Colleague: 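The structure that follows is given in the form of structure tokens.
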Amino acid sequence: GRGVFCRQFQRPPSRLNRTMADEAKKHSIEHMKWIIATLKEEGKSCTYEKLVEVGETKQCDTVGAMLKILKKRKVINFKGIFLMYPMHKAEIVTLLKPDYDPAKE
């Protein structure tokens, strides 16, 4: 009957969810890699604005979230809990672990 049809479509297949989660994780790793690379190129520290500018060239609109994760993992440091643009654009972000590999997390 109709109940069976509804039950089948209540939740998407878990395989699709896993694929989407893997894709999101892959993107996060790539974003963290360029953030670390940019900080290395800038002598291990730069402004949040610089990272947002590089992020725009990488189609990354989650720079703040990536920085928060990297700070939690003690890879980088900055003042405060979360950086918001343009309010915190002059804040300095410092690289603490230049050899960090986000793919191994």
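Note that the structure is a prediction, hence the values are computed from the model and not measured.
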Colleague: Working to the nearest 0.5 Å, report the span between CG of Asp22 and NZ of Lys25.
Modeller: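 NZ of Lys25 is found 7.5 Å from CG of Asp22.
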Colleague: Working to the nearest 0.5 Å, report the span between NZ of Lys44 and CD of Glu42.
Modeller: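 Lys44 NZ to Glu42 CD: 14.0 Å, rounded to 0.5 Å.
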Colleague: For the pair Ile92 and Thr47, evaluate side chain to side chain contact (heavy atoms under 4.5 Å, CB included) and give the outcome as yes or no after the intermediate values.
Modeller: CA-CA 4 Å; Ile92 299 296; Thr47 62; 3.9 Å; yes
Colleague: Do Ile29 and Leu70 land in one hydrophobic cluster if side-chain heavy atoms of ILVMFWY residues count as linked below 4.5 Å?
Modeller: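 Different clusters.
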Colleague: Got His31 and Val63 here, is their nearest side-chain heavy-atom distance under 4.5 Å?
Modeller: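 No; the side chains remain at least 4.5 Å from each other.
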Colleague: For a quick test of reading the model, state the closest non-hydrogen atom pair linking Ile36 to Pro98 and the distance between them.
Modeller: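 Scanning both residues, the minimum pair turns out to be CG2-O, 4.0 Å.
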Colleague: Return the CE to NE2 distance between Met66 and His27, rounded to the nearest 0.5 Å.
Modeller: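 Spacing of CE (Met66) from NE2 (His27) equals 11.0 Å.
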Colleague: Identify the heavy atoms of Trp34 and Cys60 that sit nearest to each other, and give their distance.
Modeller: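 Distance-wise, the nearest heavy atoms are CZ2-CB, 3.8 Å.
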Colleague: For Tyr85, which residues count as a side-chain contact (heavy atoms from CB on, under 4.5 Å) partner, sequence neighbours excluded?
Modeller: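 Applying side-chain contact (heavy atoms from CB on, under 4.5 Å) to Tyr85 gives Tyr48, Glu49, Val52, Lys89.
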Colleague: Please lay out, stage by stage, how Val75 and Leu96 fare under the test side chain to side chain contact (heavy atoms under 4.5 Å, CB included).
Modeller: CA-CA 5 Å; Val75 178; Leu96 304 175; over 6 Å; no
Colleague: Please round to the nearest 0.5 Å and tell me the distance separating atom CG of Leu83 and atom NZ of Lys71.
Modeller: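 Separation between the atoms: 7.5 Å.
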Colleague: Do the side chains of Lys50 and Glu53 get close enough for a salt bridge, i.e. N-O under 4.0 angstrom?
Modeller: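 Not counted as a salt bridge, because no side-chain N and carboxylate O are separated by less than 4.0 Å.
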Colleague: Which distance, rounded to the nearest 0.5 Å, do you find between the CZ of Phe78 and the CG of Leu51?
Modeller: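 Going from the CZ atom of Phe78 to the CG atom of Leu51 covers 10.0 Å.
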Colleague: Enter the distance from Ile76:CD1 to Leu67:CG here, rounded to the nearest 0.5 Å.
Modeller: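 With rounding to 0.5 Å, CD1 (Ile76) is 4.5 Å from CG (Leu67).
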